[in-house]
Amino acid sequence: MAPKTNSGIVDRSNLIPFSSRLKEGKALAQDVWSIFAAANLPADCINLGQGYMNFAPPEWVTKAAEEALHSVAPNHYSHPRGRIRLREAIKSFYGPQLNRDLDVESEILVTSGANEGQYSVFTAFLEQGDEVIMFEPFFDQYLPSVTFNGGKPVYVPLHPPTDSKIKSSSNEWTLDIAELRRAITPRTKMIIVNTPHNPVGKVFTKQELEAIASLAEEFNLLVMADEVYDCLVFDGKEHVRIANLPGMWDRTVTVGSAGKAFAATGWRIGWLIGPASIIQPTLAASTRIVFCSNSPLQEAAATGLEQAKERKFFENQLSEYAERRKVLCDAFDEIGLKYTLPEGSYFVLLDISEVKFPEDYPFPKSVLGRGRDFRACWFIAVELGVSSIPVSEFYCDEHANIGEAYARFAFCKDVDTLKKAVERLRRLKEYM
Ligand code: GLN
């Protein structure tokens, strides 16, 4: 029976209680992407918030998508493993990087974006109460993906640079291996290693990955290597794949993304690469979650990977991103606020703890009661016209104060837009 209100009227507004699993993993809190969505901000605000491009995928890739849409088979279900052409393309592209002759039937799985792939790994491997270690700050989606599958997140910090110089490198965000070891318990099942890292831009060194790998071996952990920004590693720095370290192939699943590679974040095409012992159970989960992924765009992603090398696509794309990074970071140098120069990914963390704003500013309810960074980012978006993402969102509640010092600016935008944005951001000096 529906409950009666005081006036005796039956309240039908909440007849069916929703699952308690939504009460965990911050799932009910409004997510940062929705709060800082363009629709909530002034129409002319420049979006350096949510990480998506303001340019289209390359024309030769979208042409392949159009062709697929005009054929018959690619408009229908694909095999749950993914379309064979894309799996073959992944094999040719990644095989040499992983020094393996990848088996397209058992070692590659196409997923509905990297997110769904990761979710399916959690579904396939977590028992109730299994612990998953993630480095803070962490990409926010990991948290509910773990808790929805009965897992328990365990946080190990990346320690921010402590000195007062304007420009730090993302490799000054450091991992304390002793601290990581202390976080491991008999219930630890998995560790997520995100390199290049969102939001820090850190590219983990071989040494750091070797130390993590040795703990994974010692405690028999599954390693989720989230490498969706693998095509964005700057300054000749080496992108080390943890799956390539001795013994690690057998316990590592590597995650990739067409969205990042081909400026197509809305396509929701990603992939997992790993041993059959990880991919096959994950296929079982993924088949029952989505059955298969978007078919025509798998064909387009296949074209992207097939032709990338002869077109020198990733080399050219990387130099374009290096120029974009420079526009933003040069401006931060000049403004004089501390920031982290990313070695990878397309994010810059700006220290906004010195940015002052009136506490009685007319903030919307969505940012009140959250970290100071939510209010600072809101103020900067509305007053200066450039949006960013408050970094406390990437921390658990107990450590949110560390993230509150930072705003994340995305530079996956064309240079003209970035130049316009930095003109506006120069006004930060008025608030320091
Ligand atoms: N990966 C993107 C970012 O960090 C977008 C994430 C999302 O919208 N869920 O900006």
Side-chain angles (χ1 to χ4, degrees), residues 25-41 45-55 57 111-120 122 134-148 158 170 173 192-203 224-233 255-272 290 321 324-325 328 340 342 344-350 366 373-374 377 380-381 386-395 403 406-413 417-418 421:
K26 291 204 218 174
L28 287 175
Q30 199 184 6
D31 67 282
V32 75
W33 319 106
S34 306
I35 297 172
F36 285 88
N40 298 338
L41 294 167
C45 184
I46 298 175
N47 169 35
L48 303 192
Q50 192 176 22
Y52 62 92
M53 302 77 189
N54 73 339
F55 43 86
T111 59
S112 300
N115 256 322
E116 186 268 321
Q118 291 173 307
Y119 190 94
S120 294
F122 296 132
M134 52 189 85
F135 300 135
E136 270 183 326
F138 57 87
F139 178 49
D140 67 327
Q141 198 78 4
Y142 299 154
L143 178 51
S145 296
V146 165
T147 57
F148 284 2
L158 291 175
S170 54
W173 286 70
I192 305 174
V193 182
N194 175 209
T195 182
H197 183 275
N198 176 11
V200 171
K202 178 180 174 72
V203 175
M224 182 184 281
D226 178 352
E227 301 184 4
V228 297
Y229 298 99
D230 58 359
C231 58
L232 291 171
V233 177
V255 185
S257 157
K260 272 58 176 183
F262 301 112
T265 60
W267 284 15
R268 313 316 293 144
I269 298 291
W271 43 80
L272 303 176
V290 290
Y321 271 101
R324 293 168 189 146
R325 180 183 67 154
L328 194 54
T340 297
S345 84
Y346 42 59
F347 305 114
V348 179
L349 294 188
L350 181 69
S366 57
D373 53 336
F374 275 72
C377 288
I380 294 168
V386 181
S387 70
S388 58
I389 293 292
V391 173
S392 63
E393 181 81 352
F394 301 100
Y395 283 83
Y406 303 96
R408 189 198 78 174
F409 290 81
F411 56 88
C412 43
K413 315 288 165 175
T417 300
L418 288 165

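This structure is a prediction, so every number in the text was calculated from the model and none was measured. Just so it is clear, the values below take in all heavy atoms, side chains as well, and ignore hydrogens, waters and symmetry mates. In listed order, ligands and their atoms are each counted from 1.
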Would Lys260 count as a cation-pi partner of Tyr52, with NZ or CZ less than 6.0 Å from the six-membered ring centre and within 45° of the ring normal?
-> no

Using heavy atoms and a threshold below 4.0 Å, how should the contact between Arg408 and ligand 1 be classified: side chain, backbone, both, or neither?
-> side chain

Side-chain contact, heavy-atom cut-off 4.5 Å: Trp173 with Leu349?
-> yes

Closest approach of any protein heavy atom to atom 9 (N) of ligand 1, naming residue and atom | Trp33 NE1, 3.6 Å

Would you mind telling me which of Pro390, Ser366, Ser388 makes a side-chain contact (heavy atoms from CB on, under 4.5 Å) with Phe36?
-> Pro390

Give the atoms of ligand 1, by number and element, whose distance to some non-hydrogen atom of Lys260 is under 4.0 Å.
-> 1 (N)

Heavy-atom gap Tyr229 to ligand 1 smaller than 4.0 Å | yes

Gly51, any N or O under 3.5 Å of ligand 1 N or O | yes

Does an N or O from Asn198, backbone or side chain, lie closer than 3.5 Å to an N or O of ligand 1?
-> yes

Subset of ligand 1 atoms that lie under 4.0 Å from at least one heavy atom of Phe139 = 1 (N), 4 (O), 6 (C)

Just jot down the ligand 1 atoms closer than 4.0 angstrom to any heavy atom of Gln50, in number order.
-> 7 (C), 8 (O), 10 (O)

Cation-pi between Arg408 and Phe347: NZ/CZ under 6.0 Å from ring centre and within 45° of the ring axis?
-> yes

For ligand 1, is there an N or O atom under 3.5 Å from any N or O atom of Asn115?
-> no

Do any N or O atoms from the side chain of Thr195 and from the backbone of His197 form a donor-acceptor pair under 3.5 angstrom?
-> no

Hey, mind stepping through Gln141 and Tyr119 against side-chain contact (heavy atoms from CB on, under 4.5 Å) and telling me if it holds?
-> CA-CA 9 Å; Gln141 198 78 4; Tyr119 190 94; over 6 Å; no

Between Asp373 and Ser392, do the side chains contain an N or O donor and an N or O acceptor separated by less than 3.5 Å?
-> yes

